[in-house]
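All values below come from the heavy atoms of this structure, side chains included, with hydrogens, waters and symmetry mates left out.
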Amino acid sequence: MLLTEIFNDITPIPQDDGPNPICQIDYPQEFDMAQSYLRAILQKKEYSERALQLTAYCLQFNPANYTTWWYRRQCLSALSEGHSENEYDHTRVVKDLMLCSKLGGGNPKNYQIWFHRRNLLEYTCKNYENGNGYLIQEELEYIAEVLNQDAKNYHAWSHRQWVISTTNSETIYKNELQFIDKLLQKDVRNNSAWNQRWFVTHCASKSPLAMETAQQELEYTLTKLKLDAYNESPWRYLLAIIKEQYRLNKNMEFVNQVLEWIQEVKVHFETETKRDWMTCIHLVAVYIDVLELKGDAESMDLALEYAGKLETVYDPIRKKYWKLRSSQLRG
């Protein structure tokens, strides 16, 4: 990019490090020149095609520069006259998403890049039913590719949740559950996928889950627990659904049903692993919590017995925690 030719009418503003900089950074000449021209057009408040081109050039050197991203959005807005807030020309949105993907390849956890994608797609997400829905599908596919490289990428998951909740489409919710199931088939210990499942089911319902849906989720979770009962994530998911339903209606029939399901997992665990089910700490912990919800004398005595065994034999590393739980169970 020949900056001196494109900006021949602009006087670049060099970085001012003061008269006696203690630790001056030795920037590459191309980067230093680009930033000098960027300072100049920022000062002039020029929102032109060449300014937009300059921001892309600067971002190649430093894709984490939030000021450059902000100024790029100002240019996009000015060059998309007649549109409402965060609504840019379709072609510009497509090109900028490609730019973000290119820059994001080596910077998958760069907040500025993810935020720019969000800003570009905000109008499309909020008006999903009015066309350009393919952009949302492509965005979800892009995020899936990023997660395939790093299933724990918080920025990618956060952006995915924003896209899904802002779009607020039943079709998107349904497809997302299928996507989550594929992730769990690949790795049942993917705690991010379990977190996403809770997010999607509750966004789709717009409220606590209906009993029928809760039972479906419990059955789904139990099938995954039979694959790996030592996996804490589905146990946390299971318990959260149980407690949510209990808070809603204190349905003891449901609690008893859950206890039967847990007994089923216990039997399956001992049959498959040939181990004492008490060695599966997460299973026992959830069992204690559900017995506490049931609350009758027999259940409370049983919960106390198991908590005591965890404290003294099976989970001594958390001895103080189980001592606390025992005191809570005694009331």
Salt bridge present between [X] and [Y] (N-O < 4.0 angstrom):
| X | Y | value |
| --- | --- | --- |
| Arg189 | Glu232 | no |
| Arg318 | Glu311 | no |
| Glu305 | Lys309 | yes |
| Glu122 | Arg118 | no |
| Asp181 | Lys224 | yes |
| Asp96 | Arg72 | yes |

Counting only heavy atoms not in [X], do more than 12 fall under 6.0 Å of its [atom1]?
| X | atom1 | result |
| --- | --- | --- |
| Lys206 | NZ | yes |
| Gln43 | CD | no |
| Lys45 | NZ | no |
| Glu212 | CD | no |
| Asp9 | CG | yes |

Any [X] side-chain heavy atom under 4.5 Å of [Y] side chain:
| X | Y | answer |
| --- | --- | --- |
| Ser36 | Asp32 | yes |
| Val93 | Asp89 | no |
| Tyr88 | Leu79 | no |
| Leu218 | Ile242 | yes |
| Thr167 | Thr124 | no |
| Leu97 | Leu121 | yes |
| Leu38 | Tyr57 | no |
| Cys58 | Asn65 | no |

**Asked** Would you call the rings of Tyr142 and Trp114 parallel, tilted or perpendicular, where under 30° means parallel and over 60° means perpendicular?
**Response**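 Tyr142 and Trp114: tilted rings.
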**Message:** Once you measure the plane-to-plane angle for Trp162 and His159, does it fall in the parallel (<30°), tilted (30-60°) or perpendicular (>60°) bin?
**Reply:**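 The arrangement is parallel - the two ring planes meet at less than 30°.
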Do [X] and [Y] get their side chains close enough for a donor-acceptor pair, meaning under 3.5 Å?
| X | Y | answer |
| --- | --- | --- |
| Lys266 | Gln263 | yes |
| Asp315 | Tyr321 | no |
| Gln35 | Gln15 | no |
| Asn195 | Tyr237 | no |
| Gln245 | Gln215 | no |
| Ser101 | Arg117 | yes |
| Arg50 | Gln53 | no |

**Item:** Phe115 ring center within less than 6.0 Å of Tyr66 ring center
**Value:** no
**Close aromatic pair by centroid cut-off 6.0 Å: Phe269 and Tyr230** =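 That pair passes the under 6.0 Å test.
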Is there a donor-acceptor contact under 3.5 Å from the side chain of [X] to the main chain of [Y]?
| X | Y | answer |
| --- | --- | --- |
| Thr213 | Leu209 | no |
| Asn107 | Leu103 | yes |
| Asn127 | Tyr123 | yes |
| Trp69 | Pro63 | yes |
| Thr166 | Val163 | no |
| Trp277 | Leu283 | no |
| Asn190 | Ala193 | yes |
| Ser158 | Tyr154 | no |

[atom1]/[X] to [atom2]/[Y] distance, rounded to the nearest 0.5 angstrom?
| X | Y | atom1 | atom2 | value |
| --- | --- | --- | --- | --- |
| Trp322 | Ser326 | CH2 | OG | 8.5 Å |
| Phe199 | Ile164 | CZ | CD1 | 6.0 Å |
| Asn153 | Ile143 | CG | CD1 | 10.0 Å |
| Arg236 | Asn231 | CZ | CG | 11.5 Å |
| Leu310 | Lys323 | CG | NZ | 14.5 Å |
| Thr11 | Lys44 | OG1 | NZ | 9.0 Å |

**Request:** May I ask you to check if Arg325 and Tyr306 form a cation-pi contact, with NZ or CZ under 6.0 angstrom from the six-membered ring centre and within 45° of the axis?
**Result:**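 Not satisfied by the 6.0 Å and 45° rule.
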**Prompt:** Would Arg160 count as a cation-pi partner of Phe179, with NZ or CZ less than 6.0 Å from the six-membered ring centre and within 45° of the ring normal?
**Reply:** yes
Under a 4.5 Å side-chain heavy-atom rule over Ile, Leu, Val, Met, Phe, Trp and Tyr, are [X] and [Y] clustered together?
| X | Y | result |
| --- | --- | --- |
| Leu99 | Val94 | no |
| Trp235 | Met278 | yes |
| Leu239 | Val255 | yes |
| Ile13 | Tyr71 | no |
| Leu293 | Met211 | yes |

**Asked** Step by step, would you call Phe254 with Tyr246 a ring-ring contact (aromatic ring centres under 6.0 Å, His included)?
**Response** CA-CA 8 Å; Phe254 176 69; Tyr246 183 79; 9.4 Å; no
**Request:** Could you pull out all residues at least two apart from Trp70 that satisfy side-chain contact (heavy atoms from CB on, under 4.5 Å)?
**Result:** Leu42, Arg73, Gln74
**Message:** Determine whether Glu49 and Arg92 satisfy the following criterion, salt bridge (Lys or Arg N to Asp or Glu O under 4.0 Å), listing intermediate values before the conclusion.
**Reply:** CA-CA 11 Å; Glu49 290 289 352; Arg92 295 186 185 279; 2.4 Å; yes
**Prompt:** Which pairs with one or both residues in residues 247-256 pass side chain to side chain donor-acceptor pair (under 3.5 Å), sequence neighbours excluded?
**Reply:** Asn256-Lys294
**Prompt:** Between Asn191 and Ser233, what is the shortest heavy-atom contact and its length?
**Reply:** CB-OG, 3.0 Å
